[in-house]
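Here is how names work: the chains are called A, B, and so on, in the same order as the sequence lines, proteins then strands, and each is numbered from 1.
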Amino acid sequence: MTERRYDPAEIEPKWQRVWAQEHTWEVSNEPDERPKAYVLEMLPYPSGEPHIGHLKTYSVGDAVAHFRRRNGYRVLHPMGYDAFGLPAENNAIKTGQPPREATEESIRAFQREFRAWGISIDWSRELSTHDPAYYRWTQWIFLRLYERGLAYRKEAAVQWCPVDQTVLANEQVIDGHCERCGSPVEVRQLEQWFFRITDYADRLLEDLAVISWPEHVNTMQRNWIGRSEGAEVTFRNDELGIDYPVFTTRPDTLFGATFFVMAPEHPDVFRLAAGTEHERAVHEYVNRAVQESAEERGDTDKAKTGVPLGRTVSNPVNGERIPMFVADYVLMEYGTGAIMAVPAHDQRDFDFARAFGLPIRQVVVPATGEAPPEDTAFAGHTGDESLVDSGHFTGLSSTEAKLAITDWLDREGRGHASVNYRLRDWLISRQRYWGCPIPIVYCERCGIVPVPDSELPVELPEVDDYAPRGRSPLAAAEDWVRTRCPSCGGEARRETDTMDTFVDSSWYFLRYCDSHNDAAAWDRAAVREWMPVDQYIGGVEHAILHLMYARFFVKALADMDLLDVQEPFARLFTQGMITRQGAKMSKSKGNVVSPQTIVERFGADTARCYILFIGPPDHDADWSDSGVEGVHRFLARLWRLATEVAAQSGAEPVPDTPAGADLELLRKTHWAIDKVTRDLGGGRFAFNTAIAAVMELVNACYAARRAGAGVGALRFAIATAGSLLFPFAPHLGAEAYELMTGGRVWEQPWPEVDEALLERDTYELVCQVNGRVRDRVDAPAGAAQEELAALCRAAPNVQAHVDGRDVVKEVVVPGRLVNLVVR
RNA sequence: GCGGCGGUGGUGGAAUCGGUAUACACGAUGGCCUCAAAAGCCAUUGCCCGUGAGGGCUUGCGGGUUCGAGUCCCGCCCGCCGCACCA
C-alpha cells in the first residue's frame with residue numbers, strides 16, 4: 001500500500017476550477033438584505049512577475065474578504081492594474097519592447113498568479129488604467145477639475161534630470177539626485193499642469209479625525225500638509241515705497257526682529273539692490289544660489305551665507321529700520337519668500353546673525369523672569385513665556401501677545417492672522433510617453449482649449465522612439481499633435497505631456513463599482529452602494545502620496561456633486577515589508593524569494609499561511625525557509641488527519657453528551673472558534689495568533705485520537721479546523737471540510753461558539769503568597785470567594801510559605817487566583 | 001530639531017481589561033520506526049542552583065503606584081520610520 005501525501009498541486013487547482021466555473025466571488029450591485037463590505041488592496045503596478053510583497057498584500061486582503069463573507073456580508077473584492085508608468089517606458093528604451101506589450105505581458109503574469117494563489121477576486125470588474133475605456137474617464141475627471149479651476153497651468157521651478165532629459169516628480173528625487181541615473185538634478189522653469197490640492201489642505205487635515213487609519217499614517221499626512229498658524233506682517237521699504245509681507249508663527253517676537261531676509265529667487269531682489277554698492281555682489285550671490293543643487297541648498301549643517309541688499313525696511317510695531325539681506329536659507333516656495341529675522345528666538349536667524357555680526361535682541365523670557373543663556377534663548381518655546389522690551393505689549397504672556405499683536409497689526413492695516421501650509425499643489429505633467437494624455441489643445445487664437453467630452457478618449461498614439469529628448473516623446477508624433485481647435489476649428493496642437501500615474505490610481509476604487517459603464521465614469525447609485533472602501537490594505541510607502549491624492553479626488557468630486565462620500569477609505573491597514581537576512585529583497589543583493597517558486601514547491605496555502613503566521617502583518621518580517629517548512633508540515637498534518645478520519649467508518653454523529661477525550665476535544669474546538677473569531681473580528685488583523693490557534697486544535701486532534709476520541713467528535717473538530725483555516729488556506733480548508741462533511745465551506749456561515757463548552761467544571765486556581773505563585777489547585781467553577789481562599793490556604797506549598805505568619809489580606813480573583821498577603 | 005512607533009528565550013513571536021510571562025512555530029537535544037535514509041511520531045528545551053522536591057532570577061536601564069506591573073506613572077538608554085534651513 002502506497003501512502004498518499006499532502007499534494008497541493010492536486011488539491012489547489014481542483015478548487016480553483018470550481019471557483020472560476022461558478023464565478024463564486026462575483027457580486028452584483030443589487031442590494032439585498034446583507035450589509036455591504038468593500039474590501040480592497042492597493043492595485044498592483046504590473047512590472048515583471050508578482051513579488052513576495054504582493055503575496056502578502058493579497059493574502060491579508062483575502063483573509064479579510066473571506067471572513068466578512070462568512071459573517072454575512074456582501075463583499076466587493078475586485079482587482080485591477082496600475083498599468084501606466086515609468087518602468088515600462090524605461091524598459092522600452094532599453095529593449096525596444098513597446099510599453100504596452102511589456103505591461104500586458106506582466107498583467108497576464110499577475111492574473112495567472114492571483115488565480116494560482118486562490119485569491120477570491122470578482123474578476124467581472126477587472127480594470128487596467130492603460131485601457132482607453134478606463135483613461136477616457138481619467139481625462140473626463142481632468143476636465144471637470146479644469147472647469148472648476150482645480151486644474152491649472154503655470155510656470156514653475158521643477159526638478160530636471162540633465163541625463164535622462166526629463167522632469168522628475170519630487171518623489172523621484174532622492175537627496176537631490178535622480179533616482180534612476182544618480183546624477184544631480186537641476187531646477188528649471190517650465191510651464192506645467194497642476195492640481196489645486198492646496199485648496200483642500202484644511203479639509204484633508206480635519207477629516208483625518210473621521211477615518212480610522214493607523215496613527216503613523218495620520219502623522220505622516222499631517223506632517224506633509226504642515227499647517228502653521230501665525231500672522232502675515234507687512235514691512236515697508238520707504239525708499240522704493242514697496243510693502244513686503246512676511247509670514248511668521250511668532251508674531252509675539254516682532255520687537256526682536258533685527259534684520260530682514262529675502263530668498264534668492266524673490267522677484268524684487270535685483271530691483272532692490274540696483275544702484276546700491278552691493279548690486280554686483282547680489283547678482284553674483286543669487287546666480288550662485290539658484291544653481292546650487294537641492295542637496296547643497298538643503299543641508300542644515302551648512303554655514304549661513306548671504307549678502308546685504310543695501311536697503312532697509314521698517315518694523316510696523318516700532319518703526320525701526322532694519323537692514324535687508326538676501327540669503328539662501330530663505331525659501332521662495334514657503335510663505336512670501338521673505339522673512340523677518342528674530343535671532344534671539346530662531347536658530348537659523350541666530351546662526352545668520354552670528355555669522356554677520358548682527359544684533360540679537362531677546363524679547364521673550366521664561367515666566368520665571370530669568371533669562372536663559374544667549375545661545376539657547378530660542379529653544380523650548382511653550383507659550384508660557386512673557387514679553388520684555390516690547391512696547392506696550394511688554395508683560396503679556398507669549399500666547400496673549402500673539403493675539404494682541406496680530407489684532408493691533410490688523411487694526412493698523414499692517415498685517416493679519418494667517419495660516420501657511422507645507423503642502424504644494426500637485427504637479428501632474430510628465431514629459432513621458434507611457435501615461436494618460438492630458439485632454440487639452442493649444443490654439444493660437446483661443447489659447448488653452450479643453451477637448452470636449454464627446455471627443456474622449458484622447459488616445460495615446462503609437463510611437464517608435466520612447467527615448468526622452470528634453471520633451472515628451474509624444475511631441476514627435478506630429479500627425480497626432482496637429483489637430484483642430486474644438487472652439488474655432490482652426491489649427492491647434494495637442495498637449496504632449498502625459499499625466500502623473502498617481503492621477504490614474506486616485507479614482508480606480510470608484511470605477512470598480514461600475515467598471516464597464518461606457519456612458520459615464522460611474523453610476524452614482526452604484527458608487528453610493530459600495531463606497532466608501534470599508535477596509536483598504538497596502539504598503540506604508542503610499543502613506544502620503546497616493547492616499548493624499550485619492551482623498552483629494554474624492555473631496556473634489558463630492559464638491560462637484562458627483563459623489564456622496566467625503567473620504568475614500570474608512571479603514572486603512574498598512575502591511576510591513578518582508579525582508580530576507582534583515583535586508584530589503586532586491587535582485588542586486590541576490591536575496592529575492594519568488595512567490596512562484598514557493599507556491600510550486602509548497603503550494604499556495606503554505607505560502608499564504610506562512611506569510612500570515614510569521615508575525616503581526618503590520619510589522620516587517622524576515623523570511624525564513626525553515627519557517628515555511630514548519631507551516632507546510634502543519635498543513636500536511638491537517639490533511640493527513642482529515643484523510644485518515646474520512647477513511648474511518650461513516651456517519652458517526654457528534655455525541656450529545658460527550659465525555660472524556662470527546663469532551664476535551666469539543667472544548668478545544670470551541671476554544672479555537674472563539675479565539676480565531678476574536679482575532680479576526682472588530683477589524684483585528686491577528687492572523688498569526690489565529691493560525692496558532694488552529695495549530696493547537698490540530699495538535700489536540702492528534703492527542704484526542706491517541707486518547708480514544710470517537711470519529712464523530714474528530715470529524716467535527718477537523719471540519720472546524722478546515723473552516724477556521726479557510727480564510728488563510730482556502731484550498732486545504734475547503735478540502736478538509738469537504739472530506740469531513742461533504743459540504744462547501746464557503747457556503748457555510750462562520751462557526752459559532754457554544755459558550756457552554758468554553759466553561760469547565762473545575763479550573764486551575766493559582767495560589768500566590770505575597771504575589772508569588774506557590775501552588776496550583778483544582779477549584780470548582782462556581783466556588784465562592786471564601787471557598788477559594790480556603791482552598792488556597794490549604795495548598796501544601798502555600799502553607800510552607802505562610803509558615804505560621806499572619807495573613808493580613810486575601811485577594812481573591814474568581815476564575816484566576818488567590819493572593820495571600822502575609823507579614 | 002519636530003512627530004510617530006518599538007525594545008520579551010538561541011530565533012520569529014504570544015500574553016485582547018493590572019492577575020499563572022514566554023502560547024504557537026523555528027532551531028536544538030534525546031528517543032521510536034527503518035537494513036539504511038527520507039518522511040513521520042514521542043519527549044525535553046528561558047537562565048542559574050539542586051540527584052530530587054524545590055528555590056532564586058528574568059520582559060532595554062533606574063525609580064514609583066499596587067496585594068499583584070511586560071502592561072499604568074516619572075526619568076533615562078537604544079533602535080526603526082516620517083518630516084525638516086517650512087520662518
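Atom-to-atom distance recorded for F728(A):CZ and F613(A):CZ is 11.5 Å, nearest 0.5 angstrom.
Each of V811(A) and D620(A) lies near RNA chain B, and the nucleotide nearest D620(A) is the one positioned closer to the 5' end.
The separation between Y6(A) atom OH and A38(B) atom C1' is 20 Å, rounded to whole Å. Per the geometry, CG belonging to D622(A) stands 15 Å off C1' belonging to G27(B), to the nearest Å. Rounded to whole Å, the distance from CD on Q221(A) to P on G4(B) is 16 Å.
Counting non-hydrogen atoms under 4.0 angstrom, F634(A) reaches nothing in the nucleic acid.
One finds no side-chain N or O of R250(A) lying less than 4.0 angstrom from the OP1 or OP2 phosphate oxygen of A87(B). Phosphate proximity of A39(B) to R640(A): absent, as no side-chain N or O sits under 4.0 Å from OP1 or OP2. For N688(A) and A14(B), the shortest distance from a side-chain N or O to OP1 or OP2 is below 4.0 Å.
In this structure a side-chain-to-backbone donor-acceptor pair under 3.5 Å is present from K56(A) to P617(A).
Listed nucleotides: A14(B), C41(B), C67(B). Nearest to the side chain of T689(A): A14(B).
Closest heavy-atom contact between D349(A) and D346(A): N-OD1, 3.0 Å.
With hydrogens and angles ignored, no donor-acceptor pair closer than 3.5 Å exists between the side chain of N223(A) and the base of C83(B).
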